[in-house]
Amino acid sequence: MSYTALYRKFRPAVFEDVKGQDHIITTLQNQIKANRIGHAYLFCGTRGTGKTTVAKIFAKAVNCEHPVDGSPCGECAMCRSIAAGTSMNVIEIDAASNNGVDSIREIREEVTYRPTEGRYKVYIIDEVHMLSIGAFNALLKTLEEPPEYVIFILATTEIHKIPVTILSRCQHYDFKRISIETITDRMKELMHTEKVDVEDRALTYIAKAADGSMRDALSLLDQCIAFYLGQKLTYDNVLEVLGAVDTDVFSRLLRKILDRDVAGVLDIVDDLVMMGRELTQLASDFTWYLRNLLLLKTSDNIEDVLDVSTENMEQLKEEAQMIDTDMLFRYIRIFSELSGQLKYSTQKRVMLEVALIKMCIPAMETSQDSVLDRIRAVEKKQEELEQELESGTGQKVVYVSGDQIPGGGPDGTGSPGRTAAVKRELPAAIPDDIREVVKNFRSIADEASGMIRGYLKKARLSLGGDNRLLIVLPDTLGASVVGREDHVQELTELIEQKIGKKVEIDVRCVEEGRHFEDTFVDIEQKINMEITVED
């Protein structure tokens, strides 16, 4: 005898065997028991949730000679003939291949004849959204006022394609996605019946991969059992058959991303590709992994909601402390976009690697949510540099203009900004060094930024101590601009680059009531005179 697939072999024959749709089963059973059976039903929901199965059970129940609590007995002649597909009372139509007006006209002609046996003639139209507009219009009158012995059951996965005129004539039932726990429990029952040894963890992963579809779950389980026929089906076996990746790999991948280790990330991708892992599934599973991290980081007492083992929960908690919420939002956005792109891409590996490199190097992105990550990357580099210097190199960190250092900008391109640079401790200047500064001050002022360059042309210089240069401006505005902390720092750095000595700068304006020219001596005009400084 030929082999029968699990989803066909264990297809529910009575309402009690249908899992995860209690709200629909209870309603239909009550209608049958109270003899309040409608003339048109619309079953909608994702694939593998039981629409066609429930329709067949309902067709048997309304024609059953001895129904039990609203469910078919399965023993009478009507139940057996419907189950075998030989009954003339139950007509299944595939609207995908019979979507024209002629097919519906045939139905309109057939409904005029009473059933040869049983009470009702049941029409099950699967994928009804595939009918043409003309076919829908032809169905309208019959659907609204069918003979008392006719029941229409329409099934669809895309309810938005059904005309409103059809919807208003039907009782509408939404089939929900079946929960992971329900699918897992059902598979445990079937594996006990089939006498197949399977790890609970393996069944849980298959249930997750099925995405709420019982049929998909049983098909995947069938595939895994066939690959390891006669052996115990383990979690690792399932991952290998489905081309999936263990959560330990996701943990290693995330830690490499947080360390901004591009080479390490690409090595992991290379290993996964060589192991034959499915990259589309990898993107989907890693997005789910990031989602679990986000829930753990933003919610309290979320452990019961996350379906992970105790070991994985401890690992997630540790990683939740290592990553910021805005980073998680950015990572989830990148991988959500990637999941949609991989479905139609011929270069899946390249697209995956580009997405991972974006996560490691936020400067590659210009989107708003990458700005914080870019700042965080610069701060981390600065902290690492400071730690190296504090380890005893005899050097200190000073800040210079980013456009004076190759690659000194925050994005590594030399764009203006404040970036850490290394400079040796400089000796203090002496009066002779100050004279050197005065002599070359015009060239120093020309290298200053545009905001203060114009004010410095009007400045007068004087000694304010052994190593202090006094810069005097003719008005308060000029003194306030040049005397700003960042501008003083800029001048200090320019002077230190010229003479290699540490100089203190004091910026002042001329005292009120005094003439600018009489207040301070311009050292530049008397550079050849010997100057004595008295305290």
Side-chain angles (χ1 to χ4, degrees), residues 2 4-13 18 21 24 28 38-63 72 79 81-113 115-116 118 120-144 146-147 149-163 165-167 169-175 177 212-216 218-219 222:
S2 61
T4 304
L6 287 177
Y7 79 87
R8 293 180 59 202
K9 183 177 181 180
F10 294 101
R11 191 169 202 162
V18 179
Q21 310 296 348
I24 296 174
L28 295 179
H39 68 277
Y41 296 83
L42 177 63
F43 294 168
C44 62
T46 189
R47 70 194 185 283
T49 50
K51 300 184 297 296
T52 308
T53 297
V54 171
K56 289 181 177 181
I57 297 174
F58 185 74
K60 284 195 292 184
V62 296
N63 284 301
C79 286
S81 64
I82 293 174
T86 59
S87 175
M88 300 294 290
N89 283 10
V90 179
I91 300 96
E92 288 189 62
I93 300 171
D94 177 22
S97 54
N98 299 280
N99 58 0
V101 177
D102 293 339
S103 299
I104 302 302
R105 283 176 180 165
E106 290 179 9
I107 295 176
R108 290 174 57 183
E109 293 173 0
E110 290 175 2
V111 297
T112 59
Y113 301 101
T116 55
Y120 292 96
K121 183 180 284 189
V122 182
Y123 288 88
I124 301 174
I125 305 179
D126 204 4
E127 301 299 333
V128 70
H129 64 272
M130 300 291 286
L131 289 178
S132 65
I133 297 299
F136 274 125
N137 291 334
L139 183 61
L140 277 178
K141 189 63 176 176
T142 305
L143 196 64
E144 184 175 22
Y149 49 82
V150 174
I151 298 174
F152 284 98
I153 302 178
L154 314 181
T156 180
T157 55
E158 301 182 49
I159 191 172
H160 59 279
K161 294 184 178 180
I162 308 295
T165 50
I166 297 290
L167 293 175
R169 288 164 168 81
C170 301
Q171 292 186 27
H172 183 181
Y173 294 89
D174 283 313
F175 282 70
R177 290 179 184 268
S213 170
M214 184 69 76
R215 183 173 62 235
D216 286 8
L218 295 179
S219 295
D222 224 347

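Keep in mind that what you see is a predicted model, and the values were worked out from it rather than measured.
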V150 and Y123, any side-chain heavy atoms less than 4.5 Å apart: yes
Distance in Å, T142 OG1 paired with H39 NE2, rounded so as to fall on 0.5 Å steps: 10.5 Å
Heavy-atom check, side chain of Y173 versus side chain of V54, under 4.5 Å: no
Distance-only side-chain donor-acceptor flag, T53 / R11, under 3.5 Å: yes
K51 vs T157 side-chain heavy atoms within contact, under 4.5 Å: yes
Shortest non-hydrogen contact from A61 toward P72: CB-CD, 3.7 Å
Validation row: V111, Y149 side chains within 4.5 angstrom (heavy atoms): no
Interatomic spacing from CD1 in I162 to CZ in F136 - rounded to 0.5 Å: 4.0 Å
Residue pair Y41 / L154, side-chain heavy-atom distance below 4.5 Å: no
Sub-4.5 Å side-chain heavy-atom contact between L42 and Q171: no
Which residues share a salt bridge (Lys or Arg N to Asp or Glu O under 4.0 Å) with E158, sequence neighbours left out: K161
Where G48 and S213 come nearest, the two heavy atoms and their spacing: CA-OG, 3.2 Å
Criterion side chain to side chain contact (heavy atoms under 4.5 Å, CB included) on V101 and N137, from CA distance to verdict: CA-CA 9 Å; V101 177; N137 291 334; over 6 Å; no
Donor-acceptor under 3.5 Å (T49 side chain, G45 main chain): no
Nearest-0.5 Å distance, CD1 of residue I24 to CZ of residue F58: 12.0 Å
Spatial distance of atom CD1 (I166) from atom NE2 (H129) [nearest 0.5 Å]: 14.0 Å
Check: L143 and C170 side chains under 4.5 Å, non-hydrogen atoms: yes
Separation between CG of L139 and CD1 of I104, rounded to the nearest 0.5 Å: 5.0 Å
Separation of Q21 CD from L28 CG (nearest 0.5 Å): 11.0 Å
Taking distance alone, no hydrogens or angles, what donor-acceptor pairs closer than 3.5 Å link side-chain atoms of residues 87-94 to residues at least two apart or in another chain?
from, atom 1, to, atom 2, distance (Å)
S87, OG, N89, N, 3.1
N89, ND2, E117, O, 2.0
N89, ND2, Y120, O, 3.4
E92, OE2, K56, NZ, 3.3
D94, OD1, A96, N, 3.2
D94, OD2, S97, OG, 3.3

Donor-acceptor pair, side chain of D216 and main chain of G212, under 3.5 angstrom: no
For the student: nearest non-hydrogen atoms of D222 and L6, plus distance: OD2-N, 3.0 Å
Where N98 and S103 come nearest, the two heavy atoms and their spacing: CB-OG, 3.6 Å
Close side-chain approach of F152 to I107, heavy-atom, < 4.5 Å: yes
Chi angles and distances behind the side chain to side chain contact (heavy atoms under 4.5 Å, CB included) call for R169, L140: CA-CA 8 Å; R169 288 164 168 81; L140 277 178; 3.7 Å; yes
Set of residues satisfying salt bridge (Lys or Arg N to Asp or Glu O under 4.0 Å) with respect to R108, sequence neighbours excluded: none
